[in-house]
Amino acid sequence: MLMPDRFANGNAVNDNDKALSPSTADRKDPNARHGGDLAGIEKHLDYLMNWALLHYGLPLFWKTV
């Protein structure tokens, strides 16, 4: 499970939204929005793929050998 808001902020332009409360993102406040988005996930796809391979791919490989 991946929570985009907490993972990575790839586009700071969309951090402030007056329709949301609070309207600004604050990464220092654990209870506030952190501003993460799909652009942040795209920028870290290599990390996510390596993590998935390490945690899911290798154990499956070792069980089949």
Side-chain angles (χ1 to χ4, degrees):
M1 181 166 104
L2 180 67
M3 297 177 67
D5 182 55
R6 304 292 173 159
F7 183 69
N9 189 5
N11 183 4
V13 173
N14 65 8
D15 287 354
N16 300 329
D17 187 350
K18 294 181 189 213
L20 299 174
S21 177
S23 64
T24 59
D26 183 3
R27 293 189 74 83
K28 294 179 183 176
D29 182 357
N31 297 317
R33 293 184 312 105
H34 285 195
D37 48 27
L38 292 177
I41 292 173
E42 287 179 19
K43 289 182 179 180
H44 291 88
L45 281 178
D46 57 339
Y47 165 78
L48 291 170
M49 294 303 291
N50 288 333
W51 185 89
L53 178 64
L54 179 65
H55 288 83
Y56 296 107
L58 288 178
L60 293 175
F61 172 76
W62 288 117
K63 285 183 182 180
T64 59
V65 173

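Following chains of ILVMFWY side-chain contacts shorter than 4.5 Å, one can reach Trp51 starting from Leu38, so the two form part of one hydrophobic cluster.
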Under 3.5 Å, which donor-acceptor pairs do the side chains of residues 40-47 form with other protein atoms, sequence neighbours left out?
unit_1: Lys43; atom_1: NZ; unit_2: Gly10; atom_2: O; d: 3.1
unit_1: His44; atom_1: ND1; unit_2: Gly40; atom_2: O; d: 2.8

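Legend: residues meeting side-chain contact (heavy atoms from CB on, under 4.5 Å) with Asn50, ordered by chain and number and at least two apart, are absent.
A donor-acceptor pair is defined here as one N or O able to donate and one able to accept, closer than 3.5 Å; no such pair exists between the side chain of Asn11 and the backbone of Ala39.
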